[in-house]
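Worksheet: one structure, shown below.
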Amino acid sequence: ELIIHIELLDKDLLLTPHSFERMLERQINLNELKDLLESKDSQAIFQKNGNIRITNGKLSAVIRWSGREFYLVTVYRD
């Protein structure tokens, strides 16, 4: 497991092995993910299943709040 700190949210984001594998598969690096999550141009969309999709139109990250921390469900290019 890998943890990155998201300055904009002042929260840590936990990258699970599954989400890290998806990043590698889709050739998305940590800097792209951090840029997405820290950008004021990104939009947060609250989904019915409780997940939050954050997108900038080029990249989307799906995150979930576990009660203590955010964790990355998946990330993909739009």
Side-chain angles (χ1 to χ4, degrees):
E1 295 180 341
L2 181 66
I3 296 174
I4 59 174
H5 186 73
I6 305 304
E7 208 57 53
L8 193 63
L9 300 174
D10 194 30
K11 297 280 183 195
D12 288 338
L13 178 73
L14 183 67
L15 274 64
T16 62
H18 168 83
S19 61
F20 194 68
E21 285 173 21
R22 293 299 164 272
M23 287 179 68
L24 293 174
E25 271 176 22
R26 297 167 183 164
Q27 298 180 331
I28 298 167
N29 65 49
L30 285 174
N31 285 336
E32 286 179 288
L33 179 62
K34 283 187 80 168
D35 289 348
L36 167 70
L37 296 173
E38 291 182 352
S39 172
K40 289 180 171 60
D41 295 328
S42 294
Q43 293 181 316
I45 298 146
F46 292 84
Q47 301 177 316
K48 290 178 184 169
N49 63 4
N51 290 344
I52 303 165
R53 183 168 69 95
I54 299 174
T55 185
N56 62 9
K58 296 178 191 149
L59 196 65
S60 288
V62 178
I63 62 175
R64 178 172 286 170
W65 176 250
S66 71
R68 279 198 313 256
E69 61 203 352
F70 285 105
Y71 69 92
L72 182 68
V73 176
T74 194
V75 62
Y76 56 91
R77 296 191 189 281
D78 292 331

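Treat the numbers as computed from the prediction; the structure is a model and nothing was measured.
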Is the number of heavy atoms from other residues, nucleotides or ligands within 6.0 Å of [atom1] ([X]) greater than 12?
X	atom1	result
Arg77	CZ	yes
Gln43	CD	no
Glu25	CD	yes

Compare every heavy atom of Asn49 with every heavy atom of Arg64, then report the nearest pair and how far apart it is.
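Smallest heavy-atom distance, with atoms named: NH2-O, 3.9 Å.
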Using side chain to side chain donor-acceptor pair (under 3.5 Å) as the criterion, list what pairs up with Gln47, not counting sequence neighbours.
none
Under the rule for side chain to side chain donor-acceptor pair (under 3.5 Å), what residues qualify as partners of Thr74, not counting sequence neighbours?
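Listed in chain order: Arg26.
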Going from [atom1] on [X] to [atom2] on [Y], what distance comes out if it is rounded to the nearest 0.5 angstrom?
X	Y	atom1	atom2	answer
Leu13	Leu37	CG	CG	6.0 Å
Met23	Leu30	CE	CG	4.5 Å
Ile54	Ser39	CD1	OG	10.5 Å

Would you call Ile4 and Leu72 a side-chain contact if the rule is heavy atoms closer than 4.5 Å?
no
With ring-ring contact (aromatic ring centres under 6.0 Å, His included) as the rule and sequence neighbours excluded, what pairs involving residues 11-49 come up?
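Sorted result for residues 11-49: empty, none.
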Got a sec, which pairs hit ring-ring contact (aromatic ring centres under 6.0 Å, His included) with one end in residues 57-78, sequence neighbours left out?
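Every pair satisfying ring-ring contact (aromatic ring centres under 6.0 Å, His included) with a residue in residues 57-78: Trp65-Phe70.
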Give a yes or no on whether Ile45 and Val75 share a hydrophobic cluster (residues Ile, Leu, Val, Met, Phe, Trp, Tyr; joining criterion: side-chain heavy atoms under 4.5 Å apart).
no
Given His5 and Asp10, is the side chain to side chain contact (heavy atoms under 4.5 Å, CB included) satisfied, shown in steps?
CA-CA 7 Å; His5 186 73; Asp10 194 30; 3.3 Å; yes
Going by the rule side chain to side chain contact (heavy atoms under 4.5 Å, CB included), which residues pair with Asn56 if we only count those two or more places apart in sequence or in a different chain?
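For Asn56, the residues satisfying side chain to side chain contact (heavy atoms under 4.5 Å, CB included) (neighbours in sequence not counted) are Leu36, Ser42, Lys58, Leu59.
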Name all residues meeting the side chain to side chain contact (heavy atoms under 4.5 Å, CB included) criterion together with Asn29; count only those two or more places apart in sequence or in a different chain, and write none if there are none.
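If we apply the side chain to side chain contact (heavy atoms under 4.5 Å, CB included) test to Asn29, skipping adjacent residues, the hits are Asn31, Glu32.
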